[in-house]
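Okay, so here's the structure we're looking at.
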Amino acid sequence: MTGASYVVKRLVAAVLVLLTIAALTFLVFHLLPNDVSQASCGKPCTAERREVVRHFLGYDQPVLVQLGEFLRGIVAGRSYGTAAATVHCSAPCFGYSFRLNEPVTSLIGERFGITASIALGAAVIWSVVGVGTGVLAALRRGTWVDRVAMGSTVVGVSTPTYLVGLVGIYVFGFKLNVLPVGTFVPFREDPVGWAWHLVLPWVVLAVASAAVYTRMTRSQMLDVLEENYVRTARAKGLSERQVVLRHALRNALLPVVTLFGLDLGGLLGGAVITEKIFSMQGVGALLVDSVGNLDLPVVLGVTLFSAFLIVLANLVVDLAYSRLDPRVSRSG
């Protein structure tokens with residue numbers, strides 16, 4: 001299979017997966033025993049107002065008609081209500097929050113900058129620290145460096161994120177008063193302030209993931225360093241630096257890249273615990289608030305948005321995989 005055929009095959013598969021996820025997610029939420037219109041109506045809600053909400057959101061139509069409208073709205077947008085009460089939701093339309101009187105896409109867009117800022121910064125920290133420490137531990141196998149690294153990963157993996165966050169807030173935010181807590185500065189307004197206010201959330205979110213990446217990288221490096229092509233490279237007289245960087249690390253990183261893509265895709269859909277601990281109103285906080293208020297259109301939209309990001313991340317990983325190892329695209 002050629003490289004172009006492999007890319008087309010992966011793109012088609014991603015579109016089919018996204019359509020399937022959209023349909024299943026919609027049906028699961030609408031087959032729940034809860035009355036969606038009642039939940040969207042809020043409290044107090046009279047019977048007349050509930051009927052208005054049902055008609056406004058299109059919930060008085062058959063389920064398959066609703067599903068068709070929902071899927072059409074994602075690719076072409078749609079309108080809610082009739083006559084003067086019509087509200088247009090531009091594509092990609094994930095639904096309309098009657099409680100907040102705003103399209104779900106707009107709500108996600110308003111919060112996504114915060115979530116992306118947290119996720120991308122934390123991903124950089126955990127990938128650099130995790131991969132670097134894993135490589136170092138593998139190259140120093142059995143020494144005190146290896147033992148300290150592996151001991152640290154046990155602590156990192158077994159310590160809950162919320163506990164790391166609370167300790168970080170208490171020590172660095174209140175006791176030492178060296179890092180800001182609970183505020184977000186947009187990047188376009190002040191790049192330095194943006195990074196400074198996110199240092200603590202980044203570190204908190206990266207602790208557990210860095211430990212996982214350290215253990216995986218170490219394990220993969222130890223396996224690769226025993227391969228014949230690595231011995232051959234050494235026998236040819238290449239330096240240890242060339243052997244590690246050109247031959248061992250590239251192959252050892254293949255499963256790490258896969259995990260990184262899935263982790264980052266999931267986080268971009270909402271770093272729920274970290275956002276709530278630091279009182280940052282990202283996509284994860286929006287999801288938690290919507291669950292508490294039974295705002296099902298928002299819950300459905302955020303769930304679908306998160307699934308889209310994971311599928312997209314998986315697609316990017318597949319394409320990156322084919323670049324790192326051409327045998328993947330040849331085998332299909």
Side-chain angles (χ1 to χ4, degrees), residues 92 94 97 100 102-133 156 159-214 256-257 259-290 298 301-302 305-306 308-310 312-313 316-317 320:
F94 289 141
S97 171
L100 299 175
E102 194 170 351
V104 174
T105 309
S106 299
L107 292 170
I108 294 174
E110 293 167 3
R111 312 291 188 93
F112 185 65
I114 297 176
T115 299
S117 297
I118 297 173
L120 294 175
V124 170
I125 293 176
W126 88 55
S127 57
V128 171
V129 173
V131 172
T133 307
T159 305
T161 299
Y162 70 86
L163 181 59
V164 178
L166 293 176
V167 172
I169 291 173
Y170 174 74
V171 175
F172 298 102
F174 297 126
K175 197 69 175 177
L176 300 178
N177 196 26
V178 293
L179 290 173
V181 176
T183 53
F184 176 78
V185 177
F187 179 83
R188 61 180 179 278
E189 293 181 6
D190 181 6
V192 176
W194 168 81
W196 184 243
H197 284 75
L198 286 171
V199 167
L200 203 49
W202 285 344
V203 173
V204 168
L205 194 56
V207 167
S209 295
V212 173
Y213 280 71
T214 297
V256 178
V257 169
L259 180 64
F260 178 81
L262 296 177
D263 283 347
L264 182 59
L267 268 185
L268 288 174
V272 177
I273 296 176
T274 304
E275 289 176 15
K276 293 303 290 183
I277 290 175
F278 290 94
S279 300
M280 292 186 169
Q281 300 304 311
V283 177
L286 173 65
L287 176 63
V288 173
D289 294 340
S290 300
V298 178
V302 173
F305 176 69
S306 301
F308 279 5
L309 289 176
I310 292 175
L312 179 62
V316 172
V317 167

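All values below were derived from every heavy atom in this structure, side-chain atoms included, with hydrogens, water molecules and symmetry-related copies excluded. Keep in mind it's a predicted model, so treat the numbers as computed, not measured.
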(message) Rounded to the nearest 0.5 Å, what separates atom CD1 in I310 from atom CZ in F308?
(response) 12.0 Å

(message) To check you understand the geometry: which heavy-atom pair defines the closest contact between S97 and V104, and what is its length?
(response) N-CG2, 4.2 Å

(request) Over all heavy atoms of both residues, which pair between M280 and T183 is shortest? Give the atoms and the distance, please. (result) CE-O, 3.2 Å

(request) Side-chain contact test, heavy atoms from C-beta onward, threshold under 4.5 Å: evaluate it for Y213 versus V129 and give yes or no. (result) no

(message) Any heavy-atom pair between the side chains of I118 and L267 that's under 4.5 Å?
(response) no

(message) Taking the six-membered ring for Trp, are W202 and W196 closer than 6.0 Å centroid to centroid?
(response) no

(request) Please round to the nearest 0.5 Å and tell me the distance separating atom CG of L200 and atom CG of L205. (result) 11.5 Å

(request) Using the side chain to side chain contact (heavy atoms under 4.5 Å, CB included) rule, take V283 and V302 through it: C-alpha gap first, then chi angles, then the decisive distance, then the call. (result) CA-CA 7 Å; V283 177; V302 173; 3.7 Å; yes

(message) Side chains of L259 and V212, heavy atoms from C-beta outward: is any pair under 4.5 Å?
(response) yes

(request) Can you see which heavy atom on A206 is nearest to which on A122, and at what distance? (result) CB-O, 3.8 Å

(request) Name all residues meeting the side-chain hydrogen bond (donor to acceptor under 3.5 Å, both in side chains) criterion together with T105; count only those two or more places apart in sequence or in a different chain, and write none if there are none. (result) none

(request) Mind listing the closest non-hydrogen atom pair of A313 and G265 along with its distance? (result) CB-CA, 3.9 Å

(request) Quick one: pull up OG1 in T115 and CZ in F305 and give me the separation to the nearest 0.5 Å. (result) 8.0 Å

(request) May I ask you to decide if the ring planes of F187 and W194 are parallel, tilted or perpendicular, using 30° and 60° as cut-offs? (result) perpendicular

(message) Using 0.5 Å steps for rounding, measure from the CG atom of L163 to the CD1 atom of I273.
(response) 11.5 Å

(message) Suppose we screen for salt bridge (charged side-chain N to carboxylate O under 4.0 Å, His left out). Which residues come up paired with D190, at least two apart in sequence or across chains?
(response) none

(message) If you define the side chain from C-beta out and look only at heavy atoms, does anything of W126 sit under 4.5 Å from V207?
(response) no

(request) Identify the heavy atoms of A123 and L264 that sit nearest to each other, and give their distance. (result) CB-CD1, 3.9 Å

(message) Treating S127 as the side-chain partner and V124 as the backbone partner, does any N or O pair qualify as donor plus acceptor under 3.5 Å?
(response) yes

(message) Using ring centroids (six-membered ring only for Trp), state whether F184 and F278 fall under 6.0 Å.
(response) no

(request) Could you grab the distance from atom CD1 of I125 to atom CG of L120, nearest 0.5 Å is fine? (result) 11.5 Å

(request) Indicate yes or no: at least one non-hydrogen side-chain atom of D289 is less than 4.5 angstrom from one of Q281. (result) yes

(message) Using side-chain heavy atoms (C-beta onward) and a distance below 4.5 Å, is H197 in contact with L179?
(response) no

(message) I need the L107 CG to S290 OG distance, nearest 0.5 Å.
(response) 7.5 Å

(message) For V288 versus K276, what's the shortest heavy-atom pair and its separation?
(response) CG1-CE, 4.2 Å

(message) I want to check something: taking the side chain as every heavy atom from C-beta on, are V181 and F172 in contact at a cut-off of under 4.5 Å?
(response) no

